[in-house]
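Structure first, then comments.
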Amino acid sequence: MAMIEHVSRVRRLYKLIFRVHRALPDELRILGDNYAREEFKRHKNCTPDEAKIFLNEWTDYAINIAKQMKPLSQAKGKGIGKYLDPQMLDYMTDEQLVQLYELHKAASIEEEDNENEASNNEKGDGR
């Protein structure tokens, strides 16, 4: 019975994350959806202790994103996301550090593409 409850909790959280992502700008939504999908697949057969940490962290993530997407937060001009405490890097495995770096690269490329597109739109065709 506990296994059915666990699976149900994971599914609810998974669906919640995708629902919260709908409020993100398109490029962030795609990045977030892909990352969440891969992480949930990667942790499908983790230990109960790992599952507890995993679910707690993703629950905190969903709550933080939901708070940041509230109209009042957006009206105040607050950004999306939260800085990572540098001390957390000391607790990460090499695999997690590589994954974090890959995520940073993907986000940087998206941001650069958006800046280039905005710059081109401001300049106009120039014809």
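Just so it is clear, the values below take in all heavy atoms, side chains as well, and ignore hydrogens, waters and symmetry mates. Because the structure is a prediction, the values reported are computed rather than measured. Sequence positions, counted from 1, serve as the residue numbers for this chain.
The side-chain heavy atoms of His43 and Leu55, taken from C-beta on, include no pair separated by under 4.5 Å. Gln99 has its side chain within reach of Tyr35: a pair of non-hydrogen atoms, C-beta onward, lies under 4.5 Å apart.
Under the side-chain hydrogen bond (donor to acceptor under 3.5 Å, both in side chains) criterion, Glu50 pairs with Thr47, sequence neighbours left out. Under the side-chain hydrogen bond (donor to acceptor under 3.5 Å, both in side chains) criterion, Arg12 pairs with Ser8, not counting sequence neighbours. Applying the side-chain hydrogen bond (donor to acceptor under 3.5 Å, both in side chains) criterion to Arg42, with sequence neighbours excluded, gives Glu39.
Taking all atoms of both residues into account, the shortest heavy-atom contact from Ala51 to His6 is CB-CE1, 4.0 Å. For the pair Phe18 and Ala36, the tightest heavy-atom approach, listed with the atom from each and the gap, is CZ-CB, 4.5 Å. Contact record, Ala62 with Leu13: CB-CD1, 4.5 Å, taken as the closest heavy-atom pair. Between Leu24 and Arg29, the shortest heavy-atom distance links the atoms CB-N, 4.0 Å.
Shown here is Asp85, whose CG atom has more than 12 heavy atoms of other residues, nucleotides or ligands within 6.0 Å. Under a cut-off of 6.0 angstrom, the local environment of CG in Asp90 is crowded, with over 12 non-hydrogen atoms contributed by other residues, nucleotides or ligands.
Aromatic ring pairs are classed by plane angle as parallel below 30°, tilted from 30° to 60° and perpendicular above 60°; the pair Phe40 and Phe54 is perpendicular. Ring orientation note: the planes of His21 and Tyr61 are nearly perpendicular, at an angle over 60° on the 30°/60° scale.
If you take CG on Leu31 and CG on Asp26, they are separated by 12.5 Å, rounding to the nearest 0.5 Å. Taking CG of Leu100 as the start and CD of Gln96 as the end, the distance is 9.0 Å to the nearest 0.5 Å.
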>> Please determine whether side chain to side chain contact (heavy atoms under 4.5 Å, CB included) holds for the pair Arg9 and Thr59, giving the CA-CA distance in whole Å, both sets of side-chain angles, and the decisive distance to 0.1 Å.
In response: CA-CA 11 Å; Arg9 180 176 177 216; Thr59 300; 4.2 Å; yes
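Note: the hydrophobic cluster containing Leu89 does not contain Tyr101 (ILVMFWY, side chain heavy atoms under 4.5 Å, direct or indirect links).
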